[in-house]
Amino acid sequence: MRIVVLVKEVPDTYGDRLLDLETGLADRAASERVLDEIGERAIEAAVVIKEAAGDAEVVLVTMGPESASTGLRKGLAMGADRAVHVLDAELAGADLTLTAETLAAAVRREEPDLVIAGVLSTDGTGAVIPAMVAEHLGAAHLTSMNSIAVADGRASGVRATDLGTAAVSAALPAVVSITEAMPEARFPNFKGIMAAKKKPLDAVSLADLGLTASLQTPRSIMTSIAQKPARSGGTVIVDEGDGGERLAQFLISNKLV
Amino acid sequence: MGGTDMSATSTDPILVLVEHADGVPLASAAELIGAAAAVGSPVALVVAAPGAGAALAAAAGSLGAGRVLLAESDTLGAVLTAPLTDALAAAVDAVRPRAVLIPNSVEGRDAAARLAVRIGAALAVDAVGVDRDDEGVLSKHSVYGGAYDVVAAPTFGLPVITVRVGAVDARAAAVEPAIETLVVEASSIPAATIESFEPVVAAADRPELRGAKRVVSGGRGLGSVEKFVLVEQLADALGAAVGASRAAVDAGYIPQSHQVGQTGVSVAPQLYVALGISGAIQHRAGMQTSKTIVAINTDADAPIFQIADFGVVGDVFTVVPQLIEALQAKKSGS
């Protein structure tokens, strides 16, 4: 069995995240770049499935600037077998359409049985890439999964929606997206880190994938961008026995109750 | 954005996917039809089990959709997303809309993702509003946790736009809709099977978190599942939805569906009350566009106070009961 995990480098949410007001692109220098935590959980899920299956291979696929290879090495240290890095200057500022098309092309080459991704990235927060990739691949999707298991040629688990939870399953190949209800990623150990240095990490270009960032396809573009003024604090009081009453007065005088 | 001539363009069809449960449209339906009416002429798509569609179609009309396409599906509820995607693709063919608006819910975004790829349309997600200019429909987005306002448009062609639930205040006037049956051809692409479904049991009279006008959220400061009840008590006193920080969810105080923040639900209510929440940047990203923010926390240095309109440094277990009592005293007119 071959499992592809889609991962992404994102600005660290523990720091300030800035957009360039000229280009609308992420200001990469403004913050630390890290592997998205939900993507790490996706790697964990894949490695757990691999450990149970025995003869499985876990392949990481990412699209991003050169720095994204750091995150791939971390994923290899966690137990993935090899990594594919789609690296092409033409992909700077790629919209969802181009991103999904590119990732799908990179995934298709691997002929996976299972594709696992995080439900949404902390920067784009779109939560649409897994289903878009599935549509490109002509495969079923299992999105927003709180659990995932593979047996008898099917993937199955519990899916969380706004209205409830569902038990769902699909024949392989399938594309899965997981939520934070899935286990946290393991820390790579020393042996894993050493082994990761020797694992294959291949950079591929759009041309290698037989794609161009063509303008023949409709794309979503940013037509304007503005930074909102930072929210400033208001009144802060220390409770001296009447904190609840003073808060009630604030709510009443501002017609909030 | 150039000069907008609404009168010349207001008849452009805007296709809206109506999500529903238990035979009634979800809150997103009124919002999306309201948004569509401001930039064109709303055409509602109702995908329903056989026999359940007529009432929903009429309901879509009462929300302002002058034209309703009704697709009856006997696989809805048994097959994941495909009934929605297939109906949307057929509806785009039938209507030739200027834009497609879909709720940015778990179900909606999967359908939007599939549709955009299938018909080769540009996709814009989590819009907080729509607008239009001479070239077509634009989507407005609030990104990086509300730090930036961004406007997006397709380079050409039809935009498929998912709209954040609770973000649109506009409502359309009720109309008597023209209802048409939509014939849908099922795609050959495999889809997942829904084997069983367990609905969320919502407390009676407590609003849904997504789109709520008032939200009371609790954090790790509540200390235990038992003590988290305090959050629910204040929520009920205020008629508010219940939210939580990721720390409270991770600690098992409340199910994940209540998580507010970066990777949970984004809310922008009139009033947001944070109890025992420090205000980590991931939490703030999901609530800092709230109109008024109130916080109670024992730690005077908690980052939540930097964005609070009114903050109380104190113990939630003494401040909140007093607050509830004061609110009840006001309600009873004493």
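Remember, it's a predicted structure, so these values are computed and weren't measured experimentally.
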Heavy-atom contact with chain B under 4.5 Å, split by part of [X]:
X: A/S144; answer: side chain
X: A/I221; answer: both
X: A/P130; answer: neither
X: A/A139; answer: backbone
X: A/A127; answer: both
X: A/A134; answer: both

task: Could you please state which residues from residues 94-116 of chain A sit under 4.5 angstrom from chain B, measuring non-hydrogen atom to non-hydrogen atom, sorted by number, or 'none'?
output: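 The residues closer than 4.5 Å to chain B, in numerical order, are A/L96, A/T97.
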
query: So which bits of residues 248-257 of chain A come within less than 4.5 Å of chain B, counting non-hydrogen atoms only?
result: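 From residues 248-257 of chain A, the residues near chain B are A/A248, A/F250, A/L251, A/I252, A/L256, A/V257.
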
Among [options], residue most engaged with chain A (heavy-atom pairs, under 4.5 Å):
options: B/A147, B/A191, B/S257, B/A112; value: B/A147
options: B/G146, B/A280, B/A124; value: B/G146
options: B/D110, B/I293, B/V273; value: B/D110
options: B/T155, B/D315, B/V319, B/D126; value: B/T155
options: B/V150, B/V125, B/T162, B/L26; value: B/V150
options: B/P154, B/A237, B/G314; value: B/P154

Is [X] in contact with chain A via its backbone, its side chain, both, or neither, using a 4.5 Å heavy-atom distance?
X: B/K213; answer: neither
X: B/Q259; answer: side chain
X: B/R109; answer: both
X: B/V312; answer: both
X: B/Q306; answer: backbone
X: B/I324; answer: neither
X: B/I307; answer: both

Side-chain heavy-atom pair [X], [Y] within 4.5 angstrom cut-off:
X: B/P159; Y: B/V100; answer: no
X: B/V313; Y: B/F305; answer: yes
X: A/I43; Y: A/V7; answer: yes
X: A/L120; Y: A/I38; answer: no
X: B/T193; Y: B/L80; answer: no

On a heavy-atom basis, which atom in [X] and which in [Y] lie closest, and how many Å separate them?
X: B/S105; Y: A/D162; value: CB-OD2, 3.1 Å
X: B/A21; Y: A/L163; value: CB-CD1, 4.1 Å
X: A/E90; Y: A/A213; value: OE1-CB, 3.8 Å

message: Please list all pairs meeting salt bridge (charged side-chain N to carboxylate O under 4.0 Å, His left out) that have one or both residues in residues 163-187 of chain A, counting only residues at least two apart or in different chains.
response: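 Salt bridge (charged side-chain N to carboxylate O under 4.0 Å, His left out) check on residues 163-187 of chain A returns A/E44-A/R186, A/E51-A/R186, A/E180-B/R246.
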
- prompt: Which pairs, with at least one residue in residues 126-137 of chain A and sequence neighbours excluded, count as a salt bridge (charged side-chain N to carboxylate O under 4.0 Å, His left out)?
  reply: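 Those involving residues 126-137 of chain A are A/E135-B/R114, A/E135-B/R118.
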
Under 4.5 Å, counting heavy-atom pairs only, tell me which of [options] racks up the most with chain B.
options: A/V168, A/V238, A/V119, A/T235; answer: A/T235
options: A/L18, A/L142, A/L137; answer: A/L18
options: A/G118, A/G241, A/A171; answer: A/G241
options: A/H141, A/M222, A/M132, A/Q227; answer: A/H141
options: A/L247, A/V133, A/T161; answer: A/L247
options: A/P218, A/A131, A/A166, A/A170; answer: A/P218

Verify the distance criterion only: is there a donor paired with an acceptor across the side chains of [X] and [Y] at less than 3.5 Å?
X: A/T179; Y: A/N146; result: yes
X: B/E107; Y: B/T81; result: no
X: A/R159; Y: A/T143; result: yes
X: A/S121; Y: A/D36; result: no

task: Mind checking the OH-CG spacing from B/Y144 to A/L19? Nearest 0.5 Å is all I need.
output: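 Atom-to-atom, B/Y144:OH and A/L19:CG are 5.0 Å apart.
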
- request: Answer yes or no: is there a donor N or O on one side and an acceptor on the other, between the side chain of B/Y272 and the main chain of B/R214, under 3.5 Å?
  value: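 Absent.
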
message: Using the rule given for salt bridge (Lys or Arg N to Asp or Glu O under 4.0 Å), can you reason through A/D239 versus A/R246, listing the C-alpha separation, both sets of side-chain angles and the distance that settles it, and then say yes or no?
response: CA-CA 9 Å; A/D239 179 31; A/R246 290 174 70 184; over 6 Å; no

query: If you count the non-hydrogen atoms of other residues, nucleotides and ligands that lie under 6.0 Å from CD in B/E195, is the total more than 12?
result: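 It does: B/E195 CD has more than 12 such atoms within range.
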
- prompt: More than 12 foreign heavy atoms under 6.0 Å from NZ of A/K228: is that the case here?
  reply: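 Yes.
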
